[in-house]
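Start at 1 with the first residue, then count along the sequence.
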Amino acid sequence: MARRRSRRHRITINKRRWLLDVAARLPSDKWGDCSDPATKNREIRVSKSAKGSIWLEVLLHELIHARWWALCETEVTEFAKELVSILSLLREEVAEALEVGED
């Protein structure tokens with residue numbers, strides 16, 4: 001029987017530990033959220049209903065918040081969209097780099 005991959009991960013951003021939940025159950029009006037970095041039990045959540053490039057955009061958006069909490073929502077949203085566009089353009093190169101990195 002195949003083992004199901006975990007959707008919850010412990011990560012470090014800006015020397016702080018976070019719980020990253022990439023398939024969270026969130027209210028239908030929300031695709032992601034991020035705790036204030038000053039709190040003790042920091043968490044980044046991405047909705048399990050977000051799919052494809054939207055999921056990636058939400059993930060990047062919340063990771064940017066975790067690292068640069070003081071950035072305004074507009075700046076975070078624009079940068080996440082720019083990153084998704086660049087990563088999509090470089091999809092093959094990114095996949096190749098990740099494969100090489102697994103050796």
Side-chain angles (χ1 to χ4, degrees):
M1 185 167 162
R3 229 177 102 174
R4 197 172 141 202
R5 282 195 343 197
S6 175
R7 299 295 190 181
R8 296 168 59 91
H9 309 274
R10 288 280 173 199
I11 64 170
T12 302
I13 297 175
N14 199 26
K15 299 178 185 172
R16 293 183 173 131
R17 297 292 288 165
W18 295 80
L19 175 65
L20 172 62
D21 185 344
V22 295
R25 292 177 189 253
L26 295 173
S28 60
D29 64 335
K30 204 175 210 188
W31 279 352
D33 61 20
C34 176
S35 304
D36 182 327
T39 61
K40 184 174 180 169
N41 296 314
R42 290 173 291 277
E43 190 172 12
I44 298 167
R45 301 184 305 165
V46 178
S47 174
K48 69 179 193 169
S49 64
K51 305 290 183 217
S53 63
I54 297 296
W55 180 88
L56 181 57
E57 184 181 323
V58 173
L59 173 65
L60 293 171
H61 180 105
E62 300 308 337
L63 292 172
I64 294 165
H65 272 310
R67 179 59 179 88
W68 295 289
W69 184 251
L71 283 181
C72 73
E73 191 68 18
T74 301
E75 291 293 322
V76 172
T77 298
E78 288 177 10
F79 188 39
K81 286 181 180 189
E82 291 167 348
L83 288 172
V84 168
S85 178
I86 293 165
L87 291 171
S88 295
L89 178 68
L90 300 174
R91 181 178 308 193
E92 290 179 21
E93 289 87 347
V94 170
E96 184 178 312
L98 292 173
E99 287 174 12
V100 170
E102 291 178 3
D103 292 340

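- Side chain of Ser88 to backbone of Val84: a donor-acceptor contact under 3.5 angstrom is found.
- Residues Leu60 and Leu71 share a hydrophobic cluster, clusters being chains of Ile/Leu/Val/Met/Phe/Trp/Tyr side chains in contact below 4.5 Å.
- Note that CD of Glu96 and CD of Glu99 are 7.0 Å apart. Values are rounded to the nearest 0.5 Å.
- Without hydrogens or angle criteria, Asn14 side chain to Arg16 main chain gives no donor-acceptor distance under 3.5 Å.
- Rounded to the nearest 0.5 angstrom, Ile64 CD1 and Leu59 CG are separated by 9.5 Å.
- Between the CD atom of Glu78 and the SG atom of Cys72 there is a distance of 8.0 Å, given to the nearest 0.5 Å.
- Nearest approach of Ala50 to Ile54, heavy atoms of both residues: CB-CG2, 4.3 Å.
- Criterion: ILVMFWY side-chain heavy atoms under 4.5 Å apart, direct or through other members. Under it, Val58 and Trp68 are part of a common hydrophobic cluster.
- Counting only heavy atoms from C-beta outward, the side chains of Leu20 and Arg8 never approach each other to under 4.5 Å.
- Residues Val94 and Leu63 fall within the same hydrophobic cluster, defined by Ile, Leu, Val, Met, Phe, Trp and Tyr side chains chained together at heavy-atom separations under 4.5 Å.
- How far OG of Ser35 is from CZ of Arg42: 8.5 Å, rounded to the nearest 0.5 Å.
- For the ring pair (Phe, Tyr, Trp, His ring centres under 6.0 Å) condition, the pairs that include at least one residue of residues 21-64, sequence neighbours left out, are His61-His65.
- Under the 4.0 Å criterion applied to side-chain N and carboxylate O atoms, Asp33 and Arg45 are assigned as salt-bridge partners.
- In this structure, Ile13 CD1 and Ile44 CD1 are separated by 4.0 Å, a value rounded to the nearest 0.5 Å.
- In Arg17, the CZ atom is crowded: over 12 heavy atoms of neighbouring residues, nucleotides or ligands sit closer than 6.0 Å.
- We find the CG-CD distance between Leu83 and Glu57 to be 10.0 Å, quoted to the nearest 0.5 Å.
- Connection of Val46 to Leu26 is not established within any shared hydrophobic cluster, with ILVMFWY side chains joined at heavy-atom distances below 4.5 Å, either directly or through further cluster members.
- Closest of all the heavy-atom pairs between Cys34 and Glu62 is CB-OE1, 3.3 Å.
- Take Thr74 and apply the side chain to side chain donor-acceptor pair (under 3.5 Å) test, not counting sequence neighbours, and it matches no residue.
- The heavy-atom pair separating Ala66 from Trp18 by the smallest distance is CB-CZ2, 3.5 Å.
- A continuous path of Ile, Leu, Val, Met, Phe, Trp and Tyr side chains, each step under 4.5 Å between heavy atoms, connects Leu87 with Leu90, placing both in one hydrophobic cluster.
- Environment of CD in Glu92: sparse, with no more than 12 heavy atoms of neighbouring residues, nucleotides or ligands closer than 6.0 Å.
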